[in-house]
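A quick write-up on the structure given underneath.
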Amino acid sequence: MAKENGKVVETVEDVTVMFAGDSGDGMQLTGMQFSDTTAIVGNDLSTLPDYPAEIRAPAGTLYGVSGFQLHFSSTAIHTPGDTPDVLVAMNPAALKKNLAEIKPHAIIITNTDSFDSKNLQQAHYDKNPLEDGSLDGYKVFQVPITTLTENALKECSLSLKEVQRCKNFFALGLMYWLYNRPLDPTMDWLKSKFKNRPEIIESNEKALKAGYYFGEQTEIFTTRYTVKPAELPKGTYRNISGNEATAVGFVAASNLSGLQLFLGSYPITPASDILHFLSSFKNFGVKTFQAEDEIAGIASAIGASFSGSLAITTTSGPGLALKTEAIGLAVMTELPLVIVDVQRGGPSTGLPTKTEQADLLQALYGRNGEAPVPVIAASTPSDCFYLAIEASRIALKYMTPVLLLTDGYIANGSEPWRLPDIEDLEKIEVSFRTEVEGFEPYSRDANLARPWAVPGTKGLEHRIGGLEKANISGNVSYDPDNHDFMVRLREEKVNKIQQDIPDLQVKGDQEGDLLVLGWGGTYGAITEAVDRARAEGYKVSHAHLKYIKPFPKNTAEVFKNFKKILIPELNLGQLSKVIRSEFLIEVESLTKIKGLPFKSIEVQRKIADLLGGGNGK
Amino acid sequence: MENNKIDTQEVKYTAKDFQSGQDVRWCPGCGDYSVLAQVQRSFPNIGIKKENIVWVSGIGCSSRFPYYMSTFGFHGIHGRAPAIATGVKVANPDLSVWVATGDGDLMSIGGNHFIHACRKNIDLKILMFNNKIYGLTKGQYSPTSEKGKVTKSTPFGSVDYPFNPISLALGANASFVARTIDRDPKHMQTMIMRAAEHKGTAFIEVFQNCNIFNDGAYEPLTNKETKLDTVLHLEDGKPMTFGKDNDKGIVLEGFTPKVVNLNDGTHSIDDVWVHHEKDENAIRAFILAHMNEIPGLPTPVGIFRNIVKPTYDEGVREQIKRVTEKKGEGTLKSLLYSGNTWEVN
């Protein structure tokens, strides 16, 4: 082992860190800064922000703990890590809440200043865990982070309260030292973020450096670690969250289609960031309308679609429920529209900041009447980019609303994203109807799409609406046969999209004992679990559905090649239900409804159970 | 509005050009026919090409309106017309966007969208057909029905209070607020023309008779015998006078309007309250809005308020222009390859 300044430098392949503190301690920011820096030094990474719905829950409480888990590695990884190697606990509640999750010999860095009787009591500790031996076996580093931050910032002009708010940057600096990361990316970020507040830049820089030098100088840390850059495919990378990738994807779709992007949206956790990102893209011609409610969000988007924009609306489960009737209107008027549902824990207000996949049935079936809507689901943060483009393509080509499902986990989590070559992004062909001769609002092209004739086009003035349409003319029709025909036609149009989407890919052997079938944000956990099970000799493969309505055309073929099918989902088995009814086959269901993503070990154990190998073999 | 003016050399519209040819399916005798006729008579004169006009509606009798106009039309869902229309207008501010709606559609299920459209000053023209009843669902009381209204859903009389639509629009800061009556075609045409000229949210309450479920709701205001004594025509810059012999005037005592006789020697025309629709201060408009709630005072029709302020849709367009000038037009390259990127070789 190498030595440096009297410290042992140990190289490790893979580290999972948990930053945890009060919801006002800045743990999300700390985690995001550590992620961005870690991405820049070339590690592969995956993150799991986990915070309470309260903005500033009472200090010191267990329910007020905000955590940011980050997994980084010198090899390719797919999940934020099952069990942290390092816990940074800014107070007793953060320690208590996370202790059960971390590895047996994990490193624990605590802010000892916060382990006072009040905070201990808030965290329901009878005795101070730093003193009663209950942490024996862990590598505990007791650091008076608040005091050290105050000392470092003695000279600055900030109030004591503001000074104390810099303590997360002290912790960040210390972690940068411990894992050998540069300070520059965070310093650059501070400079651009607080351009007009030099005192904030200066004090945070000081705190950051103080933490870093504390690691170097203090004798309590004898070892520091390096994680070498991962061998990722060649290219240009950036670290991206699912919500940002979604926003960027829609702007790209706008560019690729040559259409103005219009977003009608109402703030809702965890989807609001898409609105935030898109509202910053004014120089891409993006129009964002923060509506008075969820219904106005989608209704305005429908209006914008009618007048010729690429129109989208973004929301989470409760908002999707409110948009239900308007989605039906878009189905009836056959207008292009993308509805993004960043799923969160339900029902009702549920768990606003936690992840879940329980809106699948709502997305597929949650409307009055027969109202078919294509449903697609993104599987990783960067995948959101491609599916935002794909959702737009389908909507525009088939003149239909499309539902894009993501979830809180991939929306807030981030990963390094190898940027695509601009030339590889396919143009989206759009043609507005301009020819007056023979124009019928509900005539069809080869894809069964009706013409898009936008206001401003002379001679194409026409009326549409939510009443049943007569085939071809689009006039209001109450004719029984016409209604029967149109209901079937709308269904057929959506099913026809099957001819235009890629086949379901199987990772691993194309046949075997078990197929693990996933959809959405479970991709990482399933990938890791299947990889490990295969390494152990199990005949298991993985297929991940991005298209759920319609399913890829080879889906039934894929199923036939496996003895069993396992579907892990963060709900009570919604995809399982759909698969059973659509394909008339039996499937095994693995469900979890804790507001948290699967750990890969949970999927791995189920694989072993099903294949008779005992617990993890 | 730059490219949507009619080139009169090229096109000359008549009322007929705005008829869609669809069979009009309102009940015979319905006040909606008058609104349709006045719109079709006015539209050749508003100076906007037919293809640049969009009518949006919600649900209810009034909301069938777009089907009967030969412009672009969108028959939406209950209450959401202002929100749909907002999307149409913000996405393309060059369009002239009109909303046809009713008292149930706009004041009840669509109340939220209405007040926010007004607040944002989105350049929409909203015609609310107020018949004080739910017609299409066959006769329940509406949010503008008077307290005590006996209907199918209130057999013992309603116990709630009605909205005052004019006051509600003023309270939501609509920049143009007017009222007209189905039985006064000339006046309605004037109001439609004035709304068309206005840039910003224009709200017109149309007193409209439902001869099936609420016949005679505006009887005193439309009856030849009584209307001159019950209706006050607001005209900008003119004193508020009314009455069969035009011998009654409104004076303002503090915040209280009163009727005075101009022939009994106590008051002259100089004492009468002069209407200023462009008054920056909304207080007098509110007094007018609530005037008919005072026994003995007439019901004002005409323009209560008409002020100019930047519209939301133009604001959005301007902001995009400004930011684009500052940052440069975005490209796919600048979109993707921004922020902290790094190379893997």
Side-chain angles (χ1 to χ4, degrees), chain A residues 36 39-40 42 185 229 232-239 248 251-252 255-256 260 262 264 281-285 287 289 291-293 295-296 299-309 311 325-326 329 333 418-420 422 425 455-467 475-476, chain B residues 4 20 22 49-57 59 66-67 69-80 82-92 94-95 112-113 115-116 316-317 319-320 322-324 326-333 335-345:
Chain A
D36 284 351
I40 289 167
L232 298 170
K234 211 175 132 177
T236 307
Y237 284 76
R238 75 190 259 196
N239 192 36
V248 170
V251 181
N255 187 296
L256 293 167
Q260 163 182 282
F262 179 96
F281 288 127
K282 290 274 179 291
N283 61 322
F284 290 82
K287 286 183 176 167
F289 174 65
E292 56 273 20
D293 57 31
I295 298 170
S300 62
I302 290 171
S305 171
F306 181 62
S307 68
S309 292
E325 187 194 11
L329 177 64
T333 52
R418 191 170 77 86
L419 297 171
I422 304 293
L425 299 173
T457 318
K458 193 176 171 182
L460 299 189
E461 297 85 354
H462 66 285
R463 276 66 54 194
I464 58 172
L467 287 168
N475 288 336
V476 174
Chain B
N4 56 5
S20 73
Q22 294 276 313
K49 287 182 182 172
K50 208 166 86 167
E51 63 268 26
N52 291 325
I53 299 170
V54 183
W55 274 93
V56 181
S57 65
I59 293 293
Y67 290 121
M69 291 291 295
S70 65
T71 62
F72 281 89
F74 198 107
H75 180 208
I77 45 178
H78 205 9
R80 317 305 170 197
I84 296 169
T86 293
V88 174
K89 181 69 189 180
V90 175
N92 184 359
D94 291 334
L95 299 171
N112 199 29
H113 308 306
I115 57 175
H116 286 278
V316 169
R317 180 143 82 175
Q319 193 175 56
I320 287 177
R322 205 170 59 240
V323 176
T324 306
K326 198 175 153 203
K327 290 189 173 179
E329 201 173 315
T331 63
L332 270 182
K333 183 103 188 163
L335 173 71
L336 296 181
Y337 290 73
S338 66
N340 276 330
T341 62
W342 69 94
E343 298 291 328
V344 172
N345 295 311

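Ranked by non-hydrogen atom pairs under 4.5 Å with chain A, the options B:A91, B:G73, B:S70 are led by B:G73. When the candidates B:L336, B:T324, B:N345, B:V323 are compared by the number of heavy-atom contacts under 4.5 Å with chain A, B:L336 comes out ahead. Contacts with chain A were tallied for B:I115, B:V90, B:N92; B:V90 has the most, counting heavy-atom pairs under 4.5 Å. Annotation: maximal heavy-atom pairing with chain B below 4.5 Å, among A:A39, A:G466, A:A301, A:G459, occurs at A:A39. Top candidate by heavy-atom pairs under 4.5 Å with chain B, chosen from A:G456, A:S307, A:A326, A:G308, is A:G456. Ranked by heavy-atom pairs under 4.5 Å with chain B, the first of A:G285, A:P229, A:A299 is A:A299. In terms of non-hydrogen atom pairs under 4.5 Å with chain B, the most contact-rich of A:S300, A:G264, A:G465 is A:S300. Between chain B and the options A:A311, A:G235, A:G42, the largest number of non-hydrogen pairs under 4.5 Å is found for A:G235. Interface summary for chain B: among A:A252, A:P185, A:A304, the most heavy-atom pairs under 4.5 angstrom belong to A:A304.
The backbone N or O of B:G328 sits less than 3.5 Å from a side-chain atom of A:N283, completing a donor-acceptor pair. Within the 3.5 Å criterion, the main-chain N or O of B:L95 finds a donor-acceptor partner in the side chain of B:K89. Side chain of B:R80 to main chain of A:A296: no donor-acceptor pair is present (N/O by atom type, distance under 3.5 Å, no hydrogens or angles).
Contact check on B:K49 versus B:D94 returns no salt bridge, with no Lys/Arg side-chain nitrogen under 4.0 Å from an Asp/Glu carboxylate oxygen.
Rounding to the nearest 0.5 Å places NE2 of B:H78 at 14.0 Å from CG of A:L329. Rounded to the nearest 0.5 Å, atoms CZ (A:R418) and CG (A:L232) are 10.0 Å apart.
The contact between A:T333 and chain B is made entirely by side chain atoms (from C-beta outward), counting heavy-atom distances below 4.5 Å. Residue contact with chain B, scored on non-hydrogen atoms closer than 4.5 Å, involves the backbone of A:P233 exclusively. With a 4.5 angstrom heavy-atom cutoff, B:T331 touches chain A only via backbone atoms. Of the atoms belonging to B:V54, it is side-chain heavy atoms, and not backbone ones, that fall under 4.5 Å from chain A. Using a 4.5 Å cut-off between heavy atoms, A:T236 touches chain B through backbone and side chain atoms alike. For A:Q260, the part lying under 4.5 angstrom from a heavy atom of chain B is the side chain only. Both the backbone and the side chain of A:L460 come within less than 4.5 Å of a heavy atom in chain B.
No side-chain heavy atom of B:V316 sits under 4.5 Å from any side-chain heavy atom of A:F289. A heavy-atom distance below 4.5 Å is found between the side chains of A:L419 and B:T341.
Atom CD of B:E343 has more than 12 heavy atoms from other residues, nucleotides or ligands within 6.0 Å.
Below 30°, between 30° and 60°, or above 60°: for B:W342 and A:Y237 the angle between ring planes is below 30°, a parallel geometry.
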